[in-house]
Amino acid sequence: MRDYRKGYELAFKIITNATALLVVAIVFFILSIVTIKGFDHLSWEFITAEPTGDMLHGGIWPMIKGTVMLVMMMSILTVPLGTVIAIYLNEVSRKNWFYNIIMSAIRTLAAVPSIVYGLFGFAFFVNIVGGTLDWMIGYEDRVFQERCLLWAAFTMGALTLPTNVISVTEALKLVPNEQRHAGMCLGYTRWEVIKWIVFPQAISGILTGLVLSISRGAGEVAPILFVGVAYFIPHFSGAPLDQFMELGYHIFVMATQSPNVDKAAPVLYATTFVLLVLTFTFNAIGQIVRWIHRRKMSR
Amino acid sequence: MSDTPESAKISSRNQSMKKRKLEEQVAIGVLFLGGLLAVGIVLAIFSFIFTESLPLVTDPDQRNEMSLYHDTENEEEFARTASVFQTLDNMLGQIMWQPVSEQPLFSLWPLMAGTLKITLVAVVEGTIISFLTALAIAFYLPKRLRYAVKVITELLAGMPTVVLGFLGLIFFATYMQEITGTTFRLNAFLAGTMLSLTVIPIMTTLFEDIYSSYPKEQIHAAKCCGLFDYQIITSIIIPATYGKVFAAGLLGFGRSFGETMIVLMCSGNAAIFNMDFAAGARTFAATIGAEMGEVIVGDTHYSMLFLLGFILIVTTFVINYLSQKLIRKWTYA
């Protein structure tokens with residue numbers, strides 16, 4: 001008698017493996033389209049030149065510069081703050097209701113759609129903080145109360161802060177409790193335990209958080225849509241109070257509002273390629289650092 | 001015993017002790033300030049989105065503008081009498097979203113329908129694909145390939161959404177239209193499908209965690225009884241984990257309903273109230289993304305967009321809370 005179960009088993013195997021293959025194929029397909037179509041238009045000049053008026057010629061240097069500036073300012077704001085918050089929550093604070101509320105609030109914030117941060121950035125940073133600064137300094141016309149790189153960096157900082165706190169917290173949790181207790185037994189104060197035992201071991205976790213938030217920050221467009229990014233500013237100076245161009249936003253605007261999409265497509269694919277290379281490099285660095293860290297800690 | 005007098009030793013020790021105590025207090029104080037700042041930021045974000053949308057209810061001018069029974073004859077008189085219910089009537093009593101017109105119409109229904117359409121497609125496709133992929137990783141793939149497939153799937157998570165949106169708009173839309181034969185090039189189904197690519201890595205990881213954390217003894221015991229892998233899956237793993245699968249689906253929903261860029265680029269952005277997947281659609285998040293740029297600060301439209309943001313926050317919170325509860329409820333420890 002033939003065992004019908006073998007047939008079912010084979011069917012299950014084929015269906016599941018085919019789905020896994022499909023996912024892998026989609027990833028490779030997307031990467032290869034972008035690489036093949038983007039490579040034609042890619043050149044040294046494309047990366048280092050400024051765009052021309054119709055955006056179809058010239059390069060993407062201002063967008064790269066804007067993206068890098070944004071991401072750098074964001075990390076300067078968010079990484080130290082995220083680290084301090086994570087250390088406070090994990091090492092100093094008692095695990096009571098207050099801690100639970102903060103932790104669940106941070107988890108909720110990490111899941112809040114990024115567009116909401118854009119709303120927040122516009123209402124709070126641009127209008128309230130910027131307006132107050134203008135009023136305090138006494139400017140007649142708007143200086144701080146404008147959409148600009150500074151507020152975009154603050155908005156991005158708010159967006160990546162929860163992710164950052166969570167990844168540092170995870171790194172801190174990997175430090176064995178016995179080591180903290182041993183430190184305490186030797187007469188260390190709480191701060192000395194943090195300074196000499198916990199922090200050195202958590203540095204790579206902090207680095208991972210940094211790198212992951214950089215790759216997220218370079219890829220997100222929604223939160224900065226109305227906080228400072230602009231369609232066409234070829235001579236971006238790099239001043240924090242100027243509007244700026246950004247790779248992702250450039251792709252979005254060119255793809256949706258360009259008068260002739262067929263002509264714009266090669267430029268778009270090349271820009272996408274550059275953006276993917278940027279984000280994937282940071283992501284890969286983050287994964288490698290995390291992997292090395294895990295191995296070091298588990299030994 | 002050494003030559004130094006005991007008292008000097010003690011005083012120097014006290015000195016350093018004092019210094020250490022001070023350092024401790026300063027450092028812990030700074031860390032505490034960091035914690036307070038965290039609370040401040042959280043409160044600021046939640047309360048700001050809320051208070052900016054409040055004028056819809058509190059400001060008589062906005063109530064007046066929202067009212068469908070706008071009386072242009074005696075504006076002053078009307079402004080005082082337009083009630084909250086007329087604001088609500090505009091939001092729920094009609095089905096048009098026309099923010100810039102003589103009588104602005106802010107119905108939530110087309111946006112709800114659009115959000116539902118797109119996320120439904122994304123979550124259903126995402127759940128099926130990631131469920132099967134996770135099964136493949138946990139049971140069927142050759143051992144060497146498992147890790148590789150996992151890493152490649154997670155590559156999708158690192159892909160900027162604007163790239164997926166762009167590819168959907170420029171590349172996939174044309175082929176999708178040829179395959180499905182829809183009238184519109186950009187439609188809810190395309191947006192949902194592209195959106196499912198952002199859900200797949202998250203849900204696959206979740207499912208994979210669920211299956212690989214399932215007690216190995218039970219699986220081994222089942223194998224000893226002569227069960228095939230598919231029987232283990234259908235009769236042991238699925239009954240034991242369906243609650244968690246539901247929770248994972250909920251998380252996928254939470255991730256996809258607030259996604260802006262893909263929807264903005266692939267959905268056609270038509271605010272229409274129907275459940276036709278081949279037609280265009282517009283979500284809450286995409287509405288904010290599309291309209292916030294041109295809005296006047298303090299306007300009715302401005303408050304309305306903040307209300308949409310507030311709806312997004314509340315929904316995220318509810319979904320997160322529910323899925324956490326579900327995951328905790330269905331633990332098999």
Side-chain angles (χ1 to χ4, degrees), chain A residues 5 8-9 12-13 15-17 19-20 22-24 26-27 30 33 81 84-85 87-89 92-93 102 105-109 111-116 118-120 122-124 127 158 161 189-191 215 219-222 225-226 248 251-252 255-256 261 265 268 272 275-276 279-280 283, chain B residues 20 23-24 27-28 30-32 34-35 37-39 41-42 44-45 48-49 52 129 132-133 135-137 140-141 149 152-153 155-156 158 160-163 166-167 169-171 197 200 228-231 233 254 258-261 265 285 288-289 292-293 297 305-306 309 312-313 316-317 320:
Chain A
R5 298 187 305 169
Y8 278 122
E9 177 76 6
F12 258 75
K13 195 167 185 172
I15 290 172
T16 52
N17 282 357
T19 321
L22 176 74
V23 173
V24 172
I26 289 172
V27 177
I30 288 175
I33 294 175
L81 190 58
V84 165
I85 292 173
I87 290 181
Y88 173 75
L89 287 176
V92 181
S93 152
I102 297 181
I106 282 175
R107 272 197 213 102
T108 312
L109 275 190
V112 162
S114 53
I115 189 84
V116 173
L119 282 179
F120 173 70
F122 183 69
F124 185 71
N127 283 330
L161 190 68
T189 58
R190 275 191 300 178
W191 167 241
S215 92
E220 281 282 4
V221 183
L225 275 178
F226 26 80
I251 295 171
F252 165 64
T256 50
V261 178
L268 278 170
T272 311
L275 179 62
L276 274 187
T279 47
F280 275 154
N283 238 326
Chain B
R20 283 172 60 195
E23 197 185 323
E24 153 100 2
I28 298 292
V30 168
L31 289 176
F32 180 68
L37 199 58
V39 183
I41 292 169
V42 170
I45 290 178
F48 244 89
I49 307 290
E52 290 288 298
I129 292 180
L132 292 173
T133 310
L135 281 182
I137 294 173
Y140 287 114
L141 276 176
V149 171
I152 291 170
T153 316
L155 268 187
L156 264 182
T161 49
V162 68
V163 171
F166 158 67
L167 286 176
L169 174 69
I170 299 271
F171 191 85
L197 292 182
I200 286 171
F228 278 57
D229 275 352
Y230 89 88
Q231 287 172 311
I233 292 166
E259 182 51 59
T260 314
M261 298 319 288
M265 292 167 93
I288 301 175
M292 191 66 200
V297 176
L305 292 180
F306 274 86
L312 286 182
I313 289 189
T316 319
F317 182 75
N320 259 23

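Lettering follows sequence order; numbering is per chain, from 1.
Contacts between F252(A) and chain B at a heavy-atom distance below 4.5 Å involve backbone atoms as well as side-chain atoms. In this structure, chain A has a heavy atom under 4.5 Å from the side chain of I49(B), while its backbone stays farther away. Interface residue I26(A): only side-chain heavy atoms are found under 4.5 Å from chain B. In this structure, the portions of V42(B) lying under 4.5 Å from any heavy atom of chain A include both its backbone and its side chain. Of the two parts of N320(B), only the side chain, counted from C-beta on, holds a non-hydrogen atom closer than 4.5 Å to a non-hydrogen atom of chain A. In this structure, the portions of V24(A) lying under 4.5 Å from any heavy atom of chain B include both its backbone and its side chain.
Taking the six-membered ring for Trp and the full ring otherwise, the centers of F228(B) and Y8(A) sit at least 6.0 Å from each other.
At distances below 3.5 Å, at least one donor-acceptor pair connects side-chain atoms of E9(A) with backbone N or O atoms of Y230(B). Judged by distance alone, with hydrogens and angles left aside, the side-chain atoms of E52(B) form no donor-acceptor pair with the main-chain N or O of F306(B) at under 3.5 Å.
Highest contact tally toward chain A, considering only L167(B), I313(B), L132(B), is held by L132(B) [criterion: heavy-atom pairs under 4.5 Å]. Chain A forms more heavy-atom pairs under 4.5 Å with one residue of I129(B), I137(B), L156(B) than with any other, namely I129(B). Most heavy-atom pairs under 4.5 Å with chain A, from the set T161(B), D229(B), T153(B): that is D229(B). Taking L109(A), L161(A), N127(A) one by one and counting their heavy-atom pairs under 4.5 Å with chain B, the maximum is reached by L109(A). Your options are L169(B), L135(B), I200(B), and the one with the most heavy-atom pairs under 4.5 Å with chain A is L169(B). Of the listed residues (R20(B), E23(B), M265(B)), the one with the most heavy-atom contacts under 4.5 Å to chain A is R20(B).
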